[in-house]
Amino acid sequence: MKSLFTKLKLIWTERDIREKVLTVFGIMLLYRLFAAVPLPGVNKVILDQLINTNQFFGFLNIFSGGGISTLSLVMMGVGPYITGSIIMQLLTVMYKPLKDMYHEEGQAGRNKFNKISRFITLPIAALQAFGLLTLLQRQQVLMSTGTFDFVTQMILIIAGCYIALWLGERISESGIGSGVSLIIFAGIVSSMPSRIKTFFAEYSLVQLPTYIAYILIALLLIGLVVYITEAERKVPVVYTRQTRGGSSYGDVSSHIPFRLNQAGVMPVIFAVSLLLFPQLLGNYLTTATNVNLHASGKAILDFLNNPWWYGSIYFVLVVVFTYFYTAITVEPHTMAENLHKNGAFIPGVRPGEHTEQYIGTMVSRITLVGALFLGFIAIIPTIIQGVTGITSIGIGGTSILIVVSVVIDLAKKLDALVSTRQYE
């Protein structure tokens with residue numbers, strides 16, 4: 001406890017750490033101000049009903065950082081950029097120059113990669129803005145306007161998307177957490193007061209045991225998320241003895257840590273972003289006057305509103321994206337080469353191809369456990385809500401994963417900065 005207070009004191013007394021923390025806080029506050037500025041002509045009553053009863057608008061509100069709850073300038077948040085990033089990372093599998101740019105060219109290559117992702121964001125944001133505005137007008141959430149006003153609103157929303165992206169990048173540059181994750185985190189936290197208010201408004205003493213059981217399960221899930229996030233497999237490594245400048249050293253034992261959840265919360269964000277597209281399409285088609293289009297939209301929504309089908313698709317997407325993201329971030333071939341160049345080896349494993357195969361097999365096995373856990377956490381709150389019927393205060397597995405992962409990452413980044421200062 002004393003160490004904790006010492007670190008907290010150091011965060012505030014060290015000027016550079018304090019400035020970084022205050023900068024991140026200021027940027028998040030600025031984003032919340034943008035999220036509070038609504039577009040003109042919003043019917044707040046219908047909007048609140050849609051967010052509370054429509055799964056699509058509920059998810060969209062989370063990933064817009066709470067911007068959809070007011071139909072604000074940043075109502076799409078960083079969603080289009082996340083979709084663009086998914087497309088770019090999928091292309092790295094199919095197009096080798098992109099893969100080399102991301103992995104071989106260092107930070108300069110990743111900067112070019114991110115620049116292309118920002119360009120791809122523009123058409124995606126335009127398409128989503130058009131579909132969302134049309135849907136909101138047909139749902140009578142937004143006042144129907146002329147073509148000029150519609151185009152102006154589209155431009156404002158696209159600009160808001162890039163404002164959110166720019167603010168997120170400024171947070172990432174501070175070195176304290178991921179900007180995209182923190183913006184989504186802010187949206188989840190900002191929705192909690194209204195959820196608590198709804199909970200007390202619908203509270204019933206008869207359901208008290210159910211509420212207690214639900215809270216205990218939620219706490220258990222949070223504990224499991226923390227445990228899996230922190231769990232890692234340590235692979236022993238031995239550095240052989242070397243002689244340089246007349247000095248002999250080596251035979252040093254160390255280890256390489258492989259996290260059980262190497263991909264973090266990104267697979268969940270990717271999966272939800274992908275699921276938003278068919279939901280947007282279905283909601284859009286149900287407002288069409290054409291009978292066939294209306295029937296197609298209703299069929300899509302009926303399919304997605306089935307908790308078993310939706311949960312199954314969600315689960316599979318999370319597992320697939322966990323493997324995909326891990327494959328991008330962990331390259332056994334590169335790791336085996338680096339070990340060989342540094343005169344290191346894994347005990348009982350031959351250098352070169354055998355080391356690459358060993359690392360690949362080991363990563364695949366631990367990724368399976370992490371992927372299944374992420375998928376399970378993502379869908380279990382939906383199952384619990386379906387059984388208990390409590391929806392007023394239940395935050396979804398997606399929200400739990402994002403909140404817990406962001407808090408852990410933030411704590412680690414701050415702890416690293418503080419430890420560096422203490423060492424100096």
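Numbers for residues simply follow the sequence, beginning at 1. Model, not experiment: these values are computed from the prediction.
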**Prompt:** Which residues satisfy the salt bridge (Lys or Arg N to Asp or Glu O under 4.0 Å) test with Glu356, sequence neighbours excluded?
**Reply:** none
**Residues forming a side chain to side chain donor-acceptor pair (under 3.5 Å) with Glu232, sequence neighbours excluded** = none
**Request:** Not counting sequence neighbours, which residues clear side-chain contact (heavy atoms from CB on, under 4.5 Å) with Trp166? List them please.
**Result:** Arg170
**Fill in**
Applied to residues 159-169, the salt bridge (Lys or Arg N to Asp or Glu O under 4.0 Å) test, sequence neighbours excluded, yields Arg118-Glu169
**Message:** Tell me every residue that passes salt bridge (Lys or Arg N to Asp or Glu O under 4.0 Å) with Arg350, counting only those two or more places apart in sequence or in another chain.
**Reply:** none
**Fill in**
Here the salt bridge (Lys or Arg N to Asp or Glu O under 4.0 Å) pairs for residues 215-230, sequence neighbours left out, are Glu230-Lys412
**Request:** Go through the structure and list residues passing salt bridge (Lys or Arg N to Asp or Glu O under 4.0 Å) with Arg233, not counting sequence neighbours.
**Result:** none
**Complete:** Contacts of Phe315 meeting side-chain contact (heavy atoms from CB on, under 4.5 Å) (sequence neighbours excluded), chain-then-number -> Val319, Leu372, Ile379
**Item:** Test side-chain contact (heavy atoms from CB on, under 4.5 Å) applied to Leu224 - qualifying residues, sequence neighbours left out
**Value:** Leu220, Phe373
**Message:** Tell me the closest heavy-atom pair linking Ser72 and Ala36, and the distance in Å.
**Reply:** CB-N, 4.4 Å
**Request:** Scan for salt bridge (Lys or Arg N to Asp or Glu O under 4.0 Å) pairs involving residues 302-320, sequence neighbours excluded, and state none if there are none.
**Result:** Lys298-Asp302
**side chain to side chain contact (heavy atoms under 4.5 Å, CB included) evaluation trace for Ile124 with Ile87** = CA-CA 11 Å; Ile124 295 173; Ile87 294 172; 3.8 Å; yes
**Request:** Look at atom OH of Tyr227 and say whether more than 12 heavy atoms of other residues, nucleotides or ligands are closer to it than 6.0 Å.
**Result:** no
**Request:** Apply side chain to side chain contact (heavy atoms under 4.5 Å, CB included) to the pair Val369 and Arg365, showing each step before the final yes or no.
**Result:** CA-CA 7 Å; Val369 178; Arg365 288 175 179 174; over 6 Å; no
**Prompt:** Would a distance-only check, ignoring hydrogens and angles, find a side-chain to backbone donor-acceptor pair under 3.5 Å from Tyr81 to Tyr162?
**Reply:** no
**Request:** Check side-chain contact (heavy atoms from CB on, under 4.5 Å) between Leu73 and all other residues, then give those that pass, not counting sequence neighbours.
**Result:** Phe34, Leu156, Ile163
**Request:** May I have all residue pairs that pass salt bridge (Lys or Arg N to Asp or Glu O under 4.0 Å) and include part of residues 258-278, sequence neighbours excluded?
**Result:** none
